[in-house]
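First comes the structure, then the notes that go with it.
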Amino acid sequence: MTVRTRFAPSPTGRLHLGNVRAAAFNWLLAKHHGGSFVLRIEDTDADRNVAGGEEAILEDLSWLGLDWDEGPDIGGEYGPYRQSVRDNHYLATIQGLLERDAAYACFCTTEQLAAEAEEYDDGRTAQRYSGKCRNIEIDERFERVSAGEAHCIRIAVPEDIQSINIKDEIFGSISFATNEIEDFVVQRTDGRFTYNFAVVVDDIGMEISHVIRGVGHLSNTPKQAILFDVLSAPRPVFGHLPTVLGADGKKLSKRLGATAVAELRAQGFPPDAVLNYLSLLGWSHPEEKEVLTRSDLIGAIGLERVGKSDTQLDEEKLRWVSSRHLGMEELQEIADHVRPFVDTGMFPEALTNFQATVDALRTRLSTYGDINEHLEVLYPDEGDAEEKRQGIGSDPEVRKVLTAVQKRLIILPAWDPEALDQAVRAGGKDVEARGAALFHPVRKLLIGSEKGPDLGKILAALGRPEALRRFDQGCS
RNA sequence: GCCCCCAUCGUCUAGUGGCCUAGGAUAUCGCCCUCUCACGGCGAAGACCGGGGUUCGAGUCCCCGUGGGGGUACCA
């Protein structure tokens, strides 16, 4: 069987981590099985669509590397991929349903429905539509429809079965009593189609094999299953993912913030790290490995190891996963990734010897964007820096050490971390200083603090002219 | 109201009746490495929602309760 998964967001704005987690599972699963990942935009409800919403979604997915094989922008043989332009499919399907009496026209008004609900409310059972229009004689029905009487189309929920059973790859077998399910509307009085109906028609039409989505949809599944059955289409494999909650344990809101993909991107999280972290929400690697590359993920993903309980976002853990991903990068690579995040207005000199700079600071970065807060260490405010350096050199003992190191540095032919480290030690040896007595004053002179990266790396990052300039200030 | 689902350290989780005096990860704390910081290594502390069953034996199975989530829409 060809595996075809899909992600079907509404264009209501930026993607939050819960949505993206669903997209990620679908993508990973498709890749795992060598299948296709389809992107479909559910823009049925025009009022809720946000301008630019679709573009934002495509951008967020692309950034995460969740590329689609078929979608609104690139088309595909099962198109179109926007619900708003698939009316002909829905109409044709409804027509077929009507002809087979699997659906019927309902003339009840909202008021009638409300009155009926009240009447049937015995306080003990589900309140649902009685299905009375289902019994209208065929001739009468034809006449009323022909006369243009307002009506919607409802599904005639099968009465010959007592329950409808859903097999969910994550939640197991779940059954719903048929009499709990009312004859639900598939086409509204105004002609628009309902969500439950459109998804099923599209999933059938696009030959989707696996429907992986949030548990929020589990309760809708029986209705959809009825539709698949009534349309004589094989039901797809269902898999409902547990809900992703915010760090506060509450539902992810539209007010996104730190839970938006775009925000994470702006903060400088690597896409692979985000994908890695997201995959760990509700799923675990068979060997409980947690730092996983994209291909590790593709190889190991599966619905078998997905849990059922809701999960909470934990930014600390995300940062940890991210730091491990940065740790896997080559120096050249990480430097290239960090570069765009440097605040050059604040640190105009940071980009010179940039690779050495990143080398000095990389172990303290969890994200690319963290660079700026560590650049401050190397490039403190120059305002009173000179004065401070002079102050350090004013102590004769310290001065002796600094001068000795300075001499060694001036004659040093190479300017790489190892050679620099050796030169500093040699300078110290010249005046019999070592350990803290040697390193602390030198570091204090260079960056204004005794604590910080290895001296060799600091010197390499500053570069010869800048480093010697700071020595001059301290030793003049 | 009615229906469906969920429930292990703060958080992410392992765990499918005996391997569990519950394992890992993160965060926290301590020690080590080291000139210092960061990284790394080692260690400590920290959980089976409650109550009944079933069983020789239950975190694991069943029932009830509690808490949380979803549905009950001519929302998606």
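In what follows, every chain begins at residue 1, and chains take the letters A, B, ... in the order their sequences are listed.
Interface remark: the E180(A) side chain does not form any donor-acceptor pair with the rG71(B) base, using a distance-only criterion of under 3.5 Å. In terms of polar N and O atoms assigned as donor or acceptor, the side chain of R443(A) comes within less than 3.5 Å of the base of rC35(B) in a complementary pairing. Checked by distance alone, D310(A) brings no side-chain donor or acceptor within 3.5 Å of a matching partner on the base of rA7(B). Taking 3.5 Å as the limit, the base of rA25(B) and the side chain of K317(A) contain a donor-acceptor pair of atoms between them. Taking only distance into account, the side chain of T311(A) never meets the base of rC12(B) through a donor-acceptor pair shorter than 3.5 Å.
E373(A) and R364(A) are not joined by a salt bridge, as no carboxylate oxygen comes within less than 4.0 angstrom of a charged side-chain nitrogen. Look at E169(A) and K167(A) and you find a salt bridge, because one of the NZ, NE, NH1 or NH2 atoms lies within 4.0 Å of a carboxylate O, short of that distance. The pair E42(A)-R40(A) counts as a salt bridge, with a side-chain nitrogen and a carboxylate oxygen less than 4.0 angstrom apart.
Contact annotation for P453(A): base contact, defined as any heavy-atom pair under 4.0 Å involving a base atom. At a threshold of 4.0 angstrom between heavy atoms, the contacts of S323(A) with the nucleic acid are absent. R305(A) comes within contact range of the sugar-phosphate backbone alone, with a heavy-atom separation under 4.0 Å but no base atom that close. Counting any heavy atom pair closer than 4.0 Å across all strands shown, G249(A) reaches no nucleic acid atom. Across all strands shown, L438(A) has no heavy atoms under 4.0 Å from either base or sugar-phosphate atoms.
With both pairing distances under 3.5 Å, rG59(B) is matched to nothing as a Watson-Crick or G-U wobble pair. With a cut-off of 3.5 Å on both Watson-Crick or G-U wobble distances, the partner of rA38(B) is given as none. Checking rA45(B) for Watson-Crick or G-U wobble geometry (two distances, each under 3.5 Å) identifies no partner in any strand. In this structure rA25(B) sits in a base pair with rU11(B), meeting the Watson-Crick or G-U test at under 3.5 Å.
Listed for the R154(A) side chain is a donor-acceptor partner under 3.5 Å among the backbone atoms of D183(A).
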Identify the pairs formed between an N or O of the protein and an N or O of nucleotides 43-51 of chain B at a distance under 3.5 Å, and give each distance.
none

Considering only distance and modelled atom types, tabulate donor-acceptor pairs under 3.5 Å from the side chains of residues 159-166 of chain A, sequence neighbours left out.
none

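Residues in residues 151-191 of chain A take part in these ring-ring contact (aromatic ring centres under 6.0 Å, His included) pairs, two or more places apart or across chains: F107(A)-H151(A).
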